[in-house]
Structure formats: structure tokens, C-alpha cells
Amino acid sequence: MSDTTTSRRTYLRAAGAIGLAGITGLAGCSGSAGTGTLTTRVKDAPGDISDFESCVVTIQGFWVKEAESTETEAGTSTTVNTAATDEDGVQQQDEADVDQSDERTYYEYDEAQEADLVQLQNGESSLVDERELEASTYEYLQLDVSGVNATLADGGDADVGTPGEAPLQFKERFEIRENQRTTFTADFTPVKRGQTGSYLLQPVASGTEVSYSETTATSE
């Protein structure tokens with residue numbers, strides 16, 4: 001477990017540095033492009049969450065990828081989805097299903113955010129971030145999950161992670177509209193891995209939602 005954690009932290013530092021460089025580059029060439037607000041929320045749907053007393057997920061930031069064409073309607077991603085989806089909408093995602101190319105942009109939160117998935121059922125969700133992004137169409141949102149602290153219903157510790165070193169990818173195309181708020185609610189759940197006793201966090205396609213609303217300008 002310690003070697004995996006060390007590797008993960010090394011990966012995050014490298015990804016964060018690359019992402020910050022990308023953000024700086026965008027800021028230098030974006031000119032007068034308009035911006036809108038991206039609000040990111042998380043929730044939990046089916047899967048094996050009933051096995052848990054608590055399942056606290058730590059999220060460091062997120063990746064997005066700007067769409068190559070804006071002709072496709074929001075909600076219809078052109079990224080090929082190779083992950084199988086079960087009858088509850090849970091995607092069986094592995095590392096090979098996740099885009100880890102340099103075409104993504106990484107945004108690191110000022111402080112790591114935590115959410116207990118056990119508390120986020122039956123329509124409940126938790127706000128993890130709100131920020132301005134360049135107005136455009138984006139292929140997907142990926143959550144950078146850096147750790148999970150979970151306790152089973154019987155009081156035992158649980159081994160919960162993500163597939164390999166990959167982030168959780170939600171392949172829902174969305175827009176950032178100038179002077180509007182886009183709310184992206186990412187739905188994911190722990191899924192038991194056979195008889196191993198360990199769990200993997202997996203996206204729930206049927207529960208992931210995108211909505212749009214008007215915003216009002218505020219002065220600080």
C-alpha cells in the first residue's frame with residue numbers, strides 16, 4: 001500500500017505541474033474569450049455502497065478536455081467509450097478506458113475536498129468546487145481521486161481505489177456558456193471486485209447530470 005501511495009503522490013505532483021503550465025499557457029493566449037462558471041458536485045448511486053459505514057473520498061482536482069468540434073450537442077461525447085455499462089448504469093472502467101493524453105487541462109483545488117459517499121445517496125450531492133472556465137464545449141470531466149478512507153458496515157477497514165493510476169472519467173459532453181453556470185454532478189460508487197474483498201470506484205453514467213442556469217455578476 002505504501003509504494004502505491006508514494007507512486008500516486010509522485011504522479012499527482014507531476015500532473016499538477018503540467019496542468020498549471022497548461023493553465024498559464026491558456027491564460028496567455030485566450031485574449032478576450034468569455035468565461036462561465038463550472039460548479040462540480042458529487043453523489044453516489046447504486047453499486048455496493050450498502051457494504052459501507054463510511055466511504056470518504058479525497059479529490060485533489062479535475063481534468064477537462066476541450067472538444068475538437070462544437071457541432072455535436074452537449075451531452076453527446078465524441079470520445080470513444082470502451083467501458084462496459086451494467087443494468088444500473090455503472091461503468092466497468094479500467095485504466096485503458098481513460099484518456100490520459102496531454103490534450104487535457106488540469107485544475108488543482110486550493111484545498112483537497114472530501115465527500116462521504118454513504119451520505120450522498122437518494123439524490124443528495126456535495127459541492128466540491130466552483131470556478132471560472134473559458135466558454136467552450138468540453139468532452140468530459142475527470143476527477144483526480146487521491147485517496148479513499150472507508151469503513152465497512154461490520155466495522156472492518158475497506159480497500160477502495162481507482163483503476164490503476166487513472167482518474168475517474170465522466171464521458172458527458174458539456175458546455176461552459178458565457179456568464180452562465182454549468183453544474184456538473186458526477187455520480188460514482190464503490191463496486192466489489194469478485195471475492196477479493198477490495199473495491200473499485202466506478203462512474204455511474206445514468207446518474208451523471210449536467211444542468212445550466214443564469215448567474216449574476218458580483219463585485220469583490
Side-chain angles (χ1 to χ4, degrees), residues 1-24 26-27 37-45 47 49 52-65 93 95 98-100 102 104-121 124-133 138 140-152 157-172 174 176 181-191 198-204 207-210 220:
M1 291 294 291
S2 60
D3 290 343
T4 301
T5 301
T6 301
S7 174
R8 177 67 176 168
R9 289 174 178 170
T10 301
Y11 163 77
L12 287 173
R13 287 196 295 269
I18 293 171
L20 288 173
I23 296 170
T24 303
L26 285 173
T37 303
L38 174 63
T39 298
T40 306
R41 306 186 69 88
V42 296
K43 66 177 183 177
D44 180 89
I49 193 64
F52 294 84
E53 178 181 297
S54 67
C55 186
V56 179
V57 176
T58 301
I59 306 171
Q60 295 285 145
F62 68 95
W63 285 268
V64 291
K65 177 184 175 181
Q93 189 177 92
E95 192 169 8
V98 179
D99 180 8
Q100 299 187 70
D102 293 337
R104 305 171 300 163
T105 301
Y106 183 69
Y107 297 89
E108 185 174 11
Y109 300 152
D110 293 335
E111 296 182 358
Q113 301 295 305
E114 293 185 345
D116 185 351
L117 299 184
V118 172
Q119 305 300 320
L120 301 180
Q121 303 180 71
E124 296 293 326
S125 65
S126 176
L127 175 68
V128 294
D129 186 61
E130 189 167 86
R131 69 180 60 226
E132 295 293 303
L133 291 186
Y138 295 85
Y140 53 67
L141 183 143
Q142 298 175 337
L143 289 180
D144 181 8
V145 176
S146 61
V148 184
N149 184 7
T151 303
L152 294 170
D157 293 334
D159 179 11
V160 184
T162 58
E165 296 287 352
L168 283 177
Q169 179 165 281
F170 301 88
K171 295 181 180 178
E172 181 79 15
F174 65 97
I176 296 298
R181 174 177 286 104
T182 300
T183 300
F184 194 109
T185 303
D187 193 346
F188 57 100
T189 190
V191 176
S198 62
Y199 297 78
L200 282 179
L201 294 177
Q202 297 285 4
V204 182
T208 298
E209 302 169 336
V210 177
E220 297 183 350

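Given the structure is predicted, the values throughout are model-derived calculations rather than measurements.
Contact of the Leu152 side chain with the Phe52 side chain is registered, since non-hydrogen atoms from C-beta on lie closer than 4.5 Å. With contacts defined as side-chain heavy-atom distances shorter than 4.5 Å, the pair Cys55/Thr189 does not qualify. No side-chain heavy atom of Pro163 sits less than 4.5 Å from a side-chain heavy atom of Val98. No side-chain heavy atom of Leu143 sits under 4.5 Å from any side-chain heavy atom of Val57. Residues Asp129 and Gln113 are not in side-chain contact: their nearest non-hydrogen atoms beyond the backbone lie 4.5 Å or more apart. Taking the side chain as every heavy atom from C-beta outward, Gln60 and Glu108 approach each other to under 4.5 Å. When side chains are defined from C-beta on, Leu141 does not count as touching Glu172, because their heavy atoms never get closer than 4.5 Å. Within the 4.5 Å cutoff, side-chain heavy atoms of Tyr107 are placed close to those of Leu133.
For Glu130 against Thr37, the heavy-atom pair with the smallest separation is CG-CG2, 3.5 Å. The two residues Asp187 and Thr208 come nearest to each other via the heavy atoms N-OG1, 3.4 Å. Asp44 and Leu117 get closest at one heavy-atom pair: CB-O, 3.5 Å. Of all heavy-atom pairs spanning Gln119 and Glu124, the tightest one is O-CB, 3.7 Å. Across every non-hydrogen atom of Val118 and Ser54, the tightest pair is CG2-CA, 3.6 Å. Taking both residues in full, the closest heavy atoms of Ser125 and Leu120 are given as C-CD2, 3.8 Å, listed atom of the first, atom of the second, then distance.
Atoms CD1 and CG, from Ile49 and Asp116 in turn, are 7.5 Å apart once rounded to the nearest 0.5 Å. The distance from the CH2 atom of Trp63 to the CG atom of Leu168 is 10.5 Å, given to the nearest 0.5 Å. One finds the CD1 atom of Ile176 at 11.0 Å from the CZ atom of Arg181 (value rounded to the nearest 0.5 Å).
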Show your working on side-chain contact (heavy atoms from CB on, under 4.5 Å) between Leu201 and Val160 and close with a plain yes or no. CA-CA 7 Å; Leu201 294 177; Val160 184; 3.9 Å; yes
Full working for side-chain contact (heavy atoms from CB on, under 4.5 Å) between Tyr199 and Val148: CA-CA 11 Å; Tyr199 297 78; Val148 184; over 6 Å; no
From CA spacing to verdict: side-chain contact (heavy atoms from CB on, under 4.5 Å), Phe62, Arg131: CA-CA 12 Å; Phe62 68 95; Arg131 69 180 60 226; 3.7 Å; yes
Tell me, with the steps shown, if Asp144 and Tyr109 meet side-chain contact (heavy atoms from CB on, under 4.5 Å). CA-CA 10 Å; Asp144 181 8; Tyr109 300 152; over 6 Å; no
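For the side chain to side chain donor-acceptor pair (under 3.5 Å) with Gln142, the lone residue among Lys171, Gln100, Lys65, Gln169 that qualifies is Gln169.
A distance of 6.0 Å or more separates the ring centres of Tyr140 and Phe170.
By the side-chain contact (heavy atoms from CB on, under 4.5 Å) test, Leu127 pairs with Thr39, Arg41, sequence neighbours left out.
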